[in-house]
Amino acid sequence: MRPLPALGLSVLALMLGSLTVGAAHIDLRAVFSDSQAMLVLLESRLPRTVAVALTGAALSVAGVLIQALVRNRFVGPDTSGTAEGAALGLLTITILWPASPLWLRMIAASVAAMATTALFLAVIRRLPVREVMLVPIAGLVLSGVLGSIVTFIGWQTDLMQYVGTWLMSGEFSGVISGRYELLWVAAIAAALAWFSADRFAILGLGDQVATGLGLSTATVMRLGLAVVSVVTAMVVTTVGMIPFVGLVVPNLVARIMGDNLRASLPVVALVGAALVLACDLAGRLVIRPYEIPAGLVLGILGALLFLWLLHRRPAHG
Amino acid sequence: MIRIDGVSHRIGHAPILHDISTQLPQGRLTALIGPNGAGKSTLLRLIGRLEPLQQGRITVAGHDIATTPTDRLATVMAILGQQTAIASRLRLAELVAFGRWPHHKGRPGPADRAKVAQALEAFALAPLAHRFLDEVSGGQAQRAHIAMAVAQDTEWMLLDEPLNNLDMAHARGLMRRLRLMVDEGRSVGMVVHEINYAAAWADHVIAMKGGRVVAQGPADEVLTESLLSDLYDTPIHVGQHQGRPLVLHHC
């Protein structure tokens, strides 16, 4: 079975579908003669489609990495304090230096996301290993606490509008050319993780095995932390947090392909892209010409998928 | 040879090891025995750098474990700790293949693949090679982990209670395999709970109690009635079977 070509084709088909749907009526076959159609395509449709695909792919890979770091399948970048950390960083830099350049905001968001994710890792290190469910609960609690800190500061400084766009369910309607390119940074970070796929797979086998095989676990942890934080920070900055992708897609792929990450990471990226593309498309179609956020669609679909996964899971898992 | 010089260790405020100095001889199968809480596992884990060394010095085949890079050590010794419930979903073949990782760092060659196939065969895992680690029994997972350590193909092999979860046939198979490896010139150190496995297969025995080494030497010199009765604080008889000591504890 070769899943990659089939998945690649589905992603392409979904991207084509995404290019044809929108409020403006344009004929894609006439883009070369119709300058208005070309403008809509290049400035709005294409950026949005690419943004959706990149977000889905990068968040799913980040999900695999955070699950390998904490050795628990029930966490994702949206339930490990990472997104809230990124928002906290953005909020801080906005307050301290309202006119700060974009690159500085990016760095502030990434560094703060790294700090809160590291805090999450430090917290769960003290939990008993066998209590599998404590890890996601700790993640949810930490995310909740950080989220309320962000909300409190946002409220006090009258920046709730920003906070809303970062932490409420993410959506892509605001994406136009020039306002999504940070997502390429997320995609590149996720792609870099593939080169260390074996290391993350070995890390997932536990500290003992990893050390026995001569892996410097601290180095691999730092690398994973950096990738997860950069991916999440870029997504939060650009389109807001998209829930469930980073949780569901890694689980779905691991069920079928297992944890040999070198083989499975490309599949994870494609499935993630396809899932978010499908959800964004559905959100744009159900109440056309208006839309519902892709994050909302994913919230519903992702929750259902996750419940199904939980019930299909072998009893000893 | 593994040299242990003045090693002490504490976890929190509880002292686990008191100033241990001993050696695991080259080209021998060494068994670490002793009652629960004697510090055997801790000592093995310290040698295998699974725990940071607090005090003292340990060298493995001349490599100081405190200063040798960990990836270099992985080509000199393989260590198998006691398995915890890690729910990784690797196929058994993929797990065993990671045993070669210290050598090829991600680019396996034909020699690596041959060693992996050999290890799978040696532990009767070939029929299970494509099953997932979280879908096989505890004993099968344990055998896969041992096979991974064997595939690592190092001068030294350290095993912490490798017989856990193994049935009699597989336990004997493992000991025979280790014996064979030692006869081919490798060295093995293992923590053993069922003392007759040490009696039947070990060349060298280190007996520990309360964080100290109480006796060490060739198996038939250490496994005596008086010493074992003291070691385990319980009367123990030692008989003979096929020229090796046989420890009788059902009396």
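Numbers restart at 1 for each chain; the letters A, B, ... are given by sequence-line order, proteins then strands.
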Those residues of residues 258-270 of chain A that come under 4.5 Å of chain B on a heavy-atom basis, listed by number, are A:Gly258, A:Asp259, A:Asn260, A:Arg262

Does the pair A:Thr117 and A:Ser80 meet the rule for a side chain to side chain donor-acceptor pair (under 3.5 Å), with working shown? CA-CA 6 Å; A:Thr117 315; A:Ser80 47; 5.4 Å; no

So, for A:Arg71 and A:Leu203, which heavy atoms are closest and what is the spacing to 0.1 Å? NE-O, 2.8 Å

With the side chain counted from C-beta on, respond yes when A:Leu215 and B:Thr70 share a heavy-atom pair under 4.5 Å apart, and no when they do not. no

Using heavy-atom distances under 4.5 Å, tell me whether B:Leu95 contacts chain A through its side chain, its backbone, both, or neither. side chain

Would you mind checking which part of B:Phe132 comes under 4.5 Å of any heavy atom in chain A, side chain (CB onward), backbone (N, CA, C, O), both or neither? side chain

Side chains of A:Gln208 and B:Gln82, donor plus acceptor under 3.5 Å: no

Answer yes or no: is there an ion pair linking [X] with [Y], defined by an N-O contact shorter than 4.0 Å?
X        : Y        : answer
B:Arg89  : B:Glu135 : yes
B:Lys105 : A:Asp198 : no
B:Arg3   : B:Asp64  : no

Result block: side-chain N/O donor-acceptor pairs under 3.5 angstrom for residues 220-233 of chain A, not counting sequence neighbours:
| residue | atom | partner | partner atom | Å |
| --- | --- | --- | --- | --- |
| A:Ser229 | OG | A:Met114 | N | 3.4 |
| A:Ser229 | OG | A:Leu225 | O | 2.7 |
| A:Thr232 | OG1 | A:Val228 | O | 2.7 |

Distance (rounded to the nearest 0.5 Å) between A:Gln67 CD and A:Asn251 CG: 5.0 Å

Using modelled atom types and a 3.5 Å cut-off, is there a donor and acceptor pairing between side-chain atoms of B:Thr68 and backbone atoms of B:Ile65? no

Return the orientation label for the A:Phe74 and A:Phe306 ring planes: parallel under 30°, perpendicular over 60°, tilted otherwise. perpendicular

How would you list, in number order, the residues of residues 45-55 of chain B that have a heavy atom less than 4.5 Å from chain A? B:Arg45, B:Arg49, B:Leu50

How would you list, in number order, the residues of residues 141-152 of chain B that have a heavy atom less than 4.5 Å from chain A? B:His145, B:Met148, B:Gln152

